[in-house]
Amino acid sequence: MFVQLDERGPRYLQLARALKQAILDGRCTPATRLPATRVFARDLGLSRNTVLAAYEQLAAEGFIEGRVGSGCYVAAFAAATAKPAAAPPLRLRTSKLRLARRGRRALDLYDRAIPGRQYRGLRYNLQYGLPMTNPQLASAWRRELNHAAAHAEMDYPDPQGIVALRREVCAYLARRRGILAAPEDVLIVSGTQQAFALAADVLLDDGDRVLLEDPHYRGARQLLQARGADVRGCRVDGEGLVTVALPRGKSTRLAVVTPSHQFPTGAVLSLPRRMHLLDWAQRSDCWLIEDDYDGEFRYDARPLAALKSLDRADRVVYIGTFSKVLFPSLRLGYMVLPPGLRQAFVAAKWLCDRGCPAIEQAALAGLIASGAFERHLRQAAKALKARRTALLAAIKRYAGDAVEVADSCAGMHILAWLPRMSHAQSRALVERAQARGLGLYLVAPYCLKPLPRPGLLLGYADLPPADLQAAMRILGECLRA
Ligand SMILES: Cc1ncc(COP(=O)(O)O)c(C=O)c1O
């Protein structure tokens, strides 16, 4: 406990005065236990008798109660007399603070309303990115976490990620994504967002050109812009990134792509375009980041192998995340790195945070090894397919041709265009829906170049089919209002 003596008069009175002040200005609230006299005396460099005398003085005045020597507590009456601590010194407004350019850019980009937060409490929230809850997964996770905590190593973890998890990631990638990687190629990160941050640290200098699909994942754009990249967009159509529109020359340092399920349109990059993209990257001396955020969930056929599995020239930095297949609060993901980049990425990770928390990594390795993870994937794919089917049917029934669904057979969201509306009308639609308990999200914030027509990003993972139907009924009514 911090107290400052005023060096006026006997020591025990100085201490009693300092404690009284702490009680009166509310720093010591009623029922707070005062430190044991022996410990307090040692901490303050006073004799124990001095502390005892100070406590007796406070008890006599009624500021503390209890038996001196066996536990003293701030008296309840003090609540009535306590004044709030002096107002904190006037804070400088953020706009007046001297920040680095990166700090200023981060602030400018920061969404004060983090997507979806404003809709908490709404009955139907179609926020993209909410996970699907699975009670069986929750109990398996609890078991693994308990086990991992009981066997935890207390030393710093390997900054590259614990070997057990890297091994499980490799086996999973080989089974489900067609990627043949060794544990040395894998770096465990705290989600896709950190993977982008490390890629910016390792691959980009200020002002370097980065290419994004347009529309694209906003999290990637915001991070790269905050790090000073010169971000440009490239068109997307029904087959994914339009590779014939890729820039010529060697001016692009990095391109971020979502070939398995273009975010947010849902297009799957065709094989000829995959080959073209890899060839372009090689010729342009450009790194490719493959963000395989939800390639796992495909409902019409087996998931397509990842772009990384075709990468013969070691151009692709692959990113996977557990945010979609498990839950985003886990904050764990992984990168598969070309051998030449491995050291630099591990060094950047080590500098950044010394590695991801070992207990969660061990629990996750256990979850995958036990088979509970893939069991969850199977259950999730089934449930998501049913939700998607219910959503599509309800859109057709309640919204008719006021909504045009972009064709997509994968993922946890769909993109619904509003062909008859202006952008201003779509914003009014979102407000009307919110007033009726329905959270909707526009696609416009995910674009560099304004879209010719507005669209909605409808996340369906978190709502059961009946709720999706009710939500679409409200959407239909709002469209007609
Ligand atoms: C395209 C894309 N990539 C990655 C992520 C996941 O990011 P993270 O792993 O940081 O949770 C998301 C989440 O919404 C996404 O939409």
Side-chain angles (χ1 to χ4, degrees), residues 109 111 114-117 125-132 161 165 169 177 186-200 210-224 226-227 231 233 236 240-241 254-269 288-298 306-308 316-336 349 352-353 356-357 360-361 364 380 384 406 408 410-415 439 441-443 445-448 455-462:
L109 288 161
D111 294 327
I114 295 174
R117 285 265 160 93
N125 184 4
L126 293 176
Q127 185 191 338
Y128 158 73
L130 289 178
M132 203 201 75
L165 180 57
V169 165
R177 311 297 302 125
V186 175
L187 172 65
I188 303 296
V189 289
S190 57
T192 310
Q193 209 58 22
Q194 185 177 53
F196 285 128
L198 297 179
V210 175
L211 197 83
L212 294 187
E213 298 164 330
D214 201 22
H216 51 260
Y217 177 49
R218 198 161 44 145
R221 189 214 324 149
Q222 289 170 325
L223 187 125
L224 293 163
R227 296 296 170 103
V231 174
V236 163
L241 182 74
L254 180 69
V256 181
V257 291
T258 48
S260 305
H261 190 221
Q262 201 281 324
F263 186 86
T265 65
V268 178
L269 193 67
L288 291 176
I289 289 192
E290 176 178 19
D291 176 6
D292 202 16
Y293 64 108
D294 70 358
E296 179 64 57
F297 295 123
R298 225 187 125 92
L307 179 72
K308 177 76 185 160
V316 178
V317 172
Y318 176 89
I319 306 178
T321 177
F322 290 100
S323 290
K324 306 283 161 202
V325 284
L326 287 174
F327 44 92
S329 66
L330 182 59
R331 305 313 304 140
L332 281 176
Y334 45 90
M335 308 179 80
V336 180
K349 168 75 180 164
C352 174
D353 62 9
C356 290
E360 280 82 352
Q361 290 189 64
L364 183 51
L384 287 169
S408 154
M412 305 159 99
H413 74 277
I414 59 165
L415 180 55
Y441 298 85
L442 292 170
V443 76
Y446 298 88
C447 308
L448 278 168
L456 294 170
L457 204 63
L458 304 175
Y460 54 83
D462 185 41

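Just so it is clear, the model here is predicted, and its values are computed rather than measured. Atoms within each ligand, like the ligands themselves, are counted from 1 in listed order. Every heavy atom of this structure was used, including side-chain atoms; hydrogens, water molecules and symmetry mates were not.
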Given 3.5 Å as the limit, does a donor-acceptor pair link the side chain of Tyr293 with the main chain of His261, or not? yes
Can you tell me which portion of Ser323 lies within the under-4.0 Å heavy-atom range of ligand 1? Options are side chain, backbone, both, or neither. side chain
Taking both backbone and side-chain atoms of Gln193, is any N or O found less than 3.5 Å from an N or O belonging to ligand 1? yes
Note: ligand 1 atoms sitting under 4.0 Å from heavy atoms of Tyr128 are 12 (C), 13 (C), 14 (O), 15 (C), 16 (O)
For atom 6 (C) of ligand 1, grab the closest protein heavy atom and report residue, atom and distance to one decimal in Å. Thr192 OG1, 3.6 Å
Residue-ligand contact Gln194/ligand 1, heavy atom below 4.0 Å: no
With a 4.0 Å cut-off on heavy atoms, is His216 in contact with ligand 1? no
Show the atoms of ligand 1 that are less than 4.0 angstrom away from any heavy atom in Thr321. 8 (P), 9 (O)
Does Phe322 have a heavy atom less than 4.0 Å from any atom of ligand 1? no
Which residue and atom name correspond to the protein heavy atom nearest atom 3 (N) of ligand 1, and how close is it? Asp291 OD2, 2.6 Å
With no hydrogens and no angle check, is any side-chain donor or acceptor of Gln361 less than 3.5 Å from a backbone partner on Gly161? no
Got a donor-acceptor contact below 3.5 angstrom from the Gln194 side chain to the Ile188 backbone? no
Considering non-hydrogen atoms of the protein only, which is the closest contact for atom 13 (C) of ligand 1, and what is the distance? Lys324 NZ, 3.1 Å
protein heavy-atom neighbour closest to atom 10 (O) of ligand 1 works out as Arg331 NH2, 2.9 Å
May I ask you to decide if Thr258's main-chain N or O and Glu213's side chain share a donor-acceptor pair within less than 3.5 Å? yes
Does His413 have its ring centroid less than 6.0 Å away from the ring centroid of Phe263? yes
Check: Leu130 main-chain N/O paired with Gln127 side-chain donor or acceptor under 3.5 Å: no
Close side-chain approach of Leu415 to Leu457, heavy-atom, < 4.5 Å: yes
Is there a side-chain contact between Val189 and Ile319, using heavy atoms and a 4.5 Å cut-off? no
